[in-house]
Amino acid sequence: MPEWLVLTLAMAAVGAVVIVVTLVRHKRAAEDEDTSETPDVIEYMTMWIGVVYAIVLGLAIAGVWEARSAAEDHVQAEAQALHEISERVRVYPADVRERIRDDVNAYVGHILTKEWQSMADTGEATDRGDQLFRTIRVDVTDYEPRTDFEAQAYQPLMDQVAAADQARTARADSADPTMPGVVWFGLIIGAVVTIGMVFALQIRRTPRELILAGLFSALIAFLLFLIWDFDAPYSRGITASPEPFTLLFPHIEG
């Protein structure tokens, strides 16, 4: 089922539940119940609960968005470092240069064809990707420069290998969900309490108040869905893209 359809159904369901509960509550209320006024203390508590929950939601959205942006930065850093390795080995002998470039191409090809999907499905990098990267490191490290020009290029190449390794590790770590279970528990309980306070305001059955109550509940459902959607940078919603690899290595098909 498409995510936009899940979101639409969730928002509609939450809004409908709030409206139905409100109508049932009014139907079962005593005839002499006055729904035109709400005690000041309830209005005060409702206001502060809404403010606190809005702050929590804002922090959660900022957190998952920052994590998604960081995931994109890791992908960009890794692709750029691998591209630098391919370009800087041009000072090496042809056989060494081609071997290292073949290693890089094999590694990037594996990311585009296998590892990216693995990260989306399981949230983990592949062992094969680790092996291919170790091959790059070994071939770059084991070569002994024969000229001063090659010696000057050796250390920058090692720096790029280290940068790619660091970016790969960070990319693998960022595949896991950002929000811990206890945070989700707080977000869901907070949503229930916040929406529940709507009923404490003694809203009437006028179309205007029912529509506002439904829209308020649907908005909270949308924000929770948004957090869930961004919580996995490589598998849901607006995901981090492998585009840096495809742009820097256009000859490799994903």
Separation between [atom1] of [X] and [atom2] of [Y], rounded to the nearest 0.5 Å:
X: Phe133; Y: Leu82; atom1: CZ; atom2: CG; result: 6.5 Å
X: Arg97; Y: Asp102; atom1: CZ; atom2: CG; result: 11.5 Å
X: Glu150; Y: Leu157; atom1: CD; atom2: CG; result: 10.5 Å
X: Gln131; Y: His110; atom1: CD; atom2: NE2; result: 8.5 Å
X: Glu84; Y: Leu248; atom1: CD; atom2: CG; result: 9.0 Å
X: Phe230; Y: Ser69; atom1: CZ; atom2: OG; result: 9.0 Å

Residues two or more places apart in sequence or in another chain: which of them pass side chain to side chain contact (heavy atoms under 4.5 Å, CB included) with [X]?
X: Leu57; value: Tyr53, Leu187, Leu223, Leu224, Ile227
X: Ala70; value: His74
X: Ala167; value: Ala77, Glu78
X: Thr135; value: Asp103, Asp139

Please say whether more than 12 non-hydrogen atoms of neighbouring residues, nucleotides or ligands are located less than 6.0 Å from [atom1] in [X].
X: Asp148; atom1: CG; value: no
X: Glu98; atom1: CD; value: yes
X: Glu66; atom1: CD; value: no

Quick one: are [X] and [Y] in side-chain contact, heavy atoms under 4.5 Å?
X: Arg88; Y: Pro156; value: yes
X: Thr194; Y: Val52; value: no
X: Ile220; Y: Phe225; value: no
X: Val89; Y: Val96; value: no
X: Glu115; Y: Arg171; value: yes
X: Thr178; Y: Trp65; value: no
X: Trp184; Y: Asp231; value: yes

### Query
Which residue pairs pass the salt bridge (charged side-chain N to carboxylate O under 4.0 Å, His left out) test with at least one member in residues 120-137, sequence neighbours excluded?
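Applying salt bridge (charged side-chain N to carboxylate O under 4.0 Å, His left out) to every pair that reaches into residues 120-137, excluding sequence neighbours, yields Asp130-Arg168, Arg137-Asp165.
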
Atom of [X], atom of [Y] and distance for their closest heavy-atom approach:
X: Val75; Y: Trp116; result: CG2-CH2, 3.6 Å
X: Pro233; Y: Ala67; result: CG-O, 4.4 Å
X: Ala175; Y: Gly123; result: CB-O, 3.4 Å
X: Ile136; Y: Val104; result: CD1-CA, 3.8 Å
X: Ala125; Y: Ala172; result: CB-CB, 4.1 Å
X: Leu132; Y: Ala106; result: CD1-O, 3.7 Å

### Query
Are side-chain N/O atoms of Glu72 and Gln76 paired as donor and acceptor at under 3.5 Å?
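Per modelled atom types, Glu72 and Gln76 side chains form no pair under 3.5 Å.
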
### Query
Is the closest side-chain donor-acceptor distance between Gln155 and Asp159 under 3.5 Å?
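Yes.
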
Treat each ILVMFWY residue as a node, draw an edge where side-chain heavy atoms are under 4.5 Å apart, and state whether [X] and [Y] are in one component.
X: Ile61; Y: Val182; answer: yes
X: Leu219; Y: Val64; answer: yes
X: Met158; Y: Ile100; answer: yes

### Task
Have a look at Phe249 and tell me which of Leu112, Ile111, Asn105 forms a side-chain contact (heavy atoms from CB on, under 4.5 Å) with it.
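That would be Asn105; it is the only one of Leu112, Ile111, Asn105 passing the side-chain contact (heavy atoms from CB on, under 4.5 Å) with Phe249.
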
### Listed once per pair and sorted, the ring pair (Phe, Tyr, Trp, His ring centres under 6.0 Å) pairs that draw on residues 138-166, sequence neighbours left out
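Listed by first then second residue: Tyr92-Tyr143.
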
